[in-house]
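Heads up, the thing below is written out as structure tokens.
What you see below is based on every heavy atom in this structure, not just the backbone, and it leaves out hydrogens, waters and symmetry mates.
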Amino acid sequence: MTLTSALANSLSGLRFNAQATALTSANIANAGNASYTRKLIDPVDALAGDQIAGVKVGSIRREYDAFVQRQLVGEKSNAGYASTRSQFLDRLDQMMGAPGSARALDTVLNTFSSSFQTLLTSPESDTARAGVINSATVVAQSLRSLSTSVQDMRLDAEKGLADATTRLNTLLTDLSKVNGRLEVSFTDESRVGLLDQRDALVSEIAEYTNVRTVYQDSGAVQLYGGAGFVLLSTTKPTLSFDGRDLIGPSNVYDADPNKRTVGTITADTPSGKMDLIAAGVFTSGKIAALIDLRDKAMPAAQSQLDQIAASLAQALGNGSTSTPTTVAGPGPTKGYDTALGPGLSDGDTVTLELTANGVTKKLTFKRVDDTTVPMSDTMTADPNDQVFRLTGTSAAGHATQMQTAIDAWAASVGAPAGSFSVAVSGSNLRVLADPTVTGGATVNAAAANVTARTLTDGGTTLPFFVDATAVGGLYSDRYTGSGSQFVGLAARIDVNAALKADPSALVKLNATTLESDETRPSFFVKALADTGRYFKPAGGLGTDGNPFQGSVLSYARSVIVNQTNDAASAKQVADGQEAVVTQLQARFDSVAAVNIDEEMTLLIQLQTAYGANARVMSAVREMLDMLQKM
């Protein structure tokens, strides 16, 4: 090796060490940067023909575990979903109150129930009557307040979706720019820096939505969401969210834009605007959680509140009496007389249980005057009945409509014509069966939910709770083309103003009722304790085929317990998911993160190598000087 070769080798060593030192200093400077991965420089033999001519920089590479990185991206989506859901459900649980706590809904209802017990003990007491009105007012206020809070949370989710869409758009735009820069030839230093930016952007995007990553040879990345939707490729769709400023119980998501009354995330595609929520693009991440909360979890909570409100209104304000009756033959002779009182309001029902030719069937006849509303068995929570329409105000007309439906059913099970008869008898609806027909016919039971219209209709029921926005203030579970009266009732429920003005109606059925009469107070106590009431499934309480059955009070307790359990479960899932992300991040950092001790050790090695190369140059210079003097 000549002296000039030795000089060239040491110069190349100095250049390599200088670049390696600069890279090490960059590692040290970014030790606290979470998105930075440790950079290493690979030395390569410099060759002159077949002779070693020093060292040169081969490449600058990032130190990381690609497999763990892919796992981490996926789990961040799950963590974003779990964390967001847990935060909202914890808020809901705090609003509902701990089971049995002073401000919990079940405690408020128990106090209300106890006030009726006090009234039953002292019907003539003005204090007892005032106690009922006061506790009822607290119940109505609590339901309205909780309903408002639930809708506020839905609005928070709506605004959260707007913010998330804006942020996701920004992240996709920034990632698209990084992709473009990676397609261009850069120095290794620039390239590895861009790859860090790329991975940081992908990681943050994953917090908002689930993504599948496909990496190109250039380092550019393509992102795919649920249902294979392309979030980012050579082009980027522009996402938008048409949010609403106000959200109420009747605001719902629907794939049909004409029926949708909440915001949705759309993307401009070559084939036009695409509803990404309807397409199922978001299956995990913060956005999916916000969609689920706005459109499922919070509406379920609202439905539970509405059912409590509706059950209270109907338990105290709807009812009838049915008595067995027998008439002379021939023809149908045995059945029931059911009192219709002031008549069926729009939404009221009559339910019959009939047996014909050995087949038993429960039929519910519901007055639904708006014929644009399709009838459905889900109009009642009872899983065993079939629902038929009644229209108009005439009791005789209702009897005729019921007769037609019953005859059709009887014929379908092979019963002969004339097995049943439906007619009006005074103020009663009389339903009879002919037990002598082939196969026999029986009216097993009859009941009606007739809405009381005034405080002195003459029966034990009265319009205790009212729908503040309904015509006449009456709640009768009415269905119209604009929707069900049930939806959002908790936000509108109030104590009847006439009852507040005249609490004596809590006892007096009419002007001749004694002040100490226990008839109506006794009815109230039994109505709230009635365990035979069905509740529509919502929020995990029951199913269509097996709905929750019990009293209003037991349902309210179950709602509180269910919300508490849901919040605890969501927190457990969120904590577990956070632990998974933390563990994966630790595994990733064990390889990718900068370790100051390692970098300082490397820096000492580089310093030593730099000094050795400089010493070689100094020795070569001395030797060259000696040659020149010879």
Distance in Å, [X] [atom1] paired with [Y] [atom2], rounded so as to fall on 0.5 Å steps:
X	Y	atom1	atom2	answer
T24	R38	OG1	CZ	8.0 Å
S311	F486	OG	CZ	8.0 Å
N27	L40	CG	CG	7.0 Å
D217	L182	CG	CG	12.0 Å
Q485	D477	CD	CG	7.0 Å
T148	L155	OG1	CG	12.0 Å

For [Y], does its backbone N or O pair with a side-chain atom of [X] as donor and acceptor, under 3.5 Å?
X	Y	result
R389	V373	yes
D65	V68	yes
D106	A556	no
N210	T283	yes
S303	A300	no
S77	S284	no
Q304	A538	yes
S83	A574	no
T601	D597	yes
N17	L14	no

Heavy-atom distance under 4.5 Å between the side chains of [X] and [Y], does that happen here?
X	Y	value
Q302	M153	no
T238	T173	no
V580	L584	yes
E578	V573	no
L161	V262	no
T266	D242	no
I28	M600	yes
R587	L72	no

Closest heavy-atom contact between [X] and [Y]?
X	Y	result
S176	L232	CB-CD1, 3.8 Å
L171	I205	CB-CG1, 3.6 Å
L489	D306	N-OD1, 3.2 Å
F241	G263	CE1-C, 3.5 Å
L305	M96	CD2-CE, 3.9 Å
V252	R154	CA-NH2, 4.4 Å

With a cut-off of 6.0 Å (strictly less than), are more than 12 heavy atoms of other residues, nucleotides or ligands near [atom1] of [X]?
X	atom1	result
L246	CG	no
K273	NZ	yes
Q607	CD	no
Y253	OH	yes
K236	NZ	yes

Would you check, one step at a time, whether the test side chain to side chain contact (heavy atoms under 4.5 Å, CB included) holds for Q222 with V230?
CA-CA 8 Å; Q222 293 180 340; V230 181; over 6 Å; no
Got a sec, which pairs hit salt bridge (Lys or Arg N to Asp or Glu O under 4.0 Å) with one end in [range], sequence neighbours left out?
range	result
residues 370-384	K362-D382
residues 196-206	K39-D196, R62-D196, R62-D199, R167-E204
residues 66-86	R85-D292

task: Check the pair V221 / L201 against side chain to side chain contact (heavy atoms under 4.5 Å, CB included), numbers first and verdict last.
output: CA-CA 11 Å; V221 63; L201 289 168; over 6 Å; no
By side chain to side chain donor-acceptor pair (under 3.5 Å), T582 pairs with (sequence neighbours left out) none
Sorted by chain and number, sequence neighbours left out, side chain to side chain donor-acceptor pair (under 3.5 Å) with S59 holds for D42
**Message:** side chain to side chain contact (heavy atoms under 4.5 Å, CB included) for K286 and E207? Distances and angles first, verdict last.
**Reply:** CA-CA 6 Å; K286 183 176 181 179; E207 295 176 12; 6.0 Å; no
Have [X] and [Y] got a donor and an acceptor in their side chains that come within less than 3.5 Å?
X	Y	result
T469	D467	yes
Q94	R91	no
T37	E63	no

Run the salt-bridge test on E158 and R294 with the 4.0 Å N-O cut-off and return the result as yes or no.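 Counted as a salt bridge, because a side-chain N and a carboxylate O are separated by less than 4.0 Å.
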message = Salt bridge check, D163 against K159: does any charged N sit closer than 4.0 Å to a carboxylate O?
response =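 No salt bridge links K159 with D163.
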Applied to residues 555-586, the ring-ring contact (aromatic ring centres under 6.0 Å, His included) test, sequence neighbours excluded, yields F535-Y555, F548-Y555
Hey, mind stepping through D566 and N562 against side chain to side chain contact (heavy atoms under 4.5 Å, CB included) and telling me if it holds?
CA-CA 6 Å; D566 281 351; N562 189 65; 3.4 Å; yes
